[in-house]
Amino acid sequence: DQQVKQNSPSLSVQEGRISILNCDYTNSMFDYFLWYKKYPAEGPTFLISISSIKDKNEDGRFTVFLNKSAKHLSLHIVPSQPGDSAVYFCAASDGGTSYGKLTFGQGTILTVHP
Amino acid sequence: GAGVSQSPRYKVAKRGQDVALRCDPISGHVSLFWYQQALGQGPEFLTYFQNEAQLDKSGLPSDRFFAERPEGSVSTLKIQRTQQEDSAVYLCASSLIQARINTEAFFGQGTRLTVV
């Protein structure tokens with residue numbers, strides 16, 4: 001059973017416009033959510049996170065929104081840049097563990113066209 | 001080096017062969033994770049070490065998978081009698097502390113294992 005789902009395998013956006021990546025989860029024990037970015041042939045790198053006590057967290061061009069009732073989160077990138085082209089993974093942390101074990105979604109390939 | 005180093009970067013194994021994948025975490029990092037990423041999927045948790053202690057191995061898919069970190073630094077993931085479904089990228093991540101919210105886990109580039 002996929003506890004974290006990213007239903008859009010890919011997204012194509014024009015440079016300067018907004019990119020919106022979506023993520024849904026099913027496990028009510030998840031209480032912290034993270035987004036990772038991955039370039040080809042590299043490991044994932046941490047991008048931004050949000051605690052379940054918040055509904056929004058912003059860091060520069062990146063904003064994550066959390067809707068707990070819908071078990072849905074989204075990552076907004078404004079404005080999008082060609083260097084943002086990568087695979088984006090949504091991940092969740094279970095409040096029942098003590099050491100940062102993560103459950104990942106399948107990833108969304110973002111392509112930003114110049 | 002400054003980052004998490006994994007070797008080999010690529011490994012082709014014949015079905016039934018044993019393989020060993022190495023992870024050199026960042027020096028001094030307490031926590032070490034192994035994840036398996038199948039093609040087109042996200043990473044899936046395999047196992048967790050705090051120093052040399054393997055505190056969670058719930059994600060290891062079968063008893064053919066074995067991980068160790070005997071001196072609390074370098075870790076090895078061993079797969080015995082490899083099968084085609086073991087083909088995946090194996091990612092290692094380390095972090096300085098054990099923390100429930102771990103935004104400072106650094107991932108290696110991974111080892112791509114192909115079983116033929």
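Proteins get letters first, then strands, A, B, ... in listed order; numbering begins at 1 in each. As the structure is a computational prediction, the values presented were derived from the model and not from experiment.
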- Side chain, backbone, both or neither of Gln50(B) within contact of chain A (heavy atoms, under 4.5 Å): neither
- Message: Heavy-atom cut-off 4.5 Å, strictly under: side chain, backbone, both or neither for Ser58(B) against chain A?
- Response: side chain
- Task: Measure from the side-chain N and O atoms of Glu15(A) to the backbone N and O of Pro82(A), and report whether any donor-acceptor pair falls under 3.5 Å.
- Result: no
- Checking heavy atoms, do the side chain of Tyr35(B), its backbone, both or neither come under 4.5 Å from chain A? side chain
- Ser93(A) side chain to Asp31(A) main-chain N or O, any donor-acceptor pair under 3.5 Å? no
- Mind checking what makes ring-ring contact (aromatic ring centres under 6.0 Å, His included) contact with Phe33(A), not counting sequence neighbours? Tyr25(A)
- Who among Gly42(B), Ala38(B), Gly40(B), Gly59(B) has the most heavy-atom pairs with chain A under 4.5 Å? Gly42(B)
- Applying side-chain contact (heavy atoms from CB on, under 4.5 Å) to Gln109(B) and not counting sequence neighbours gives Arg9(B)
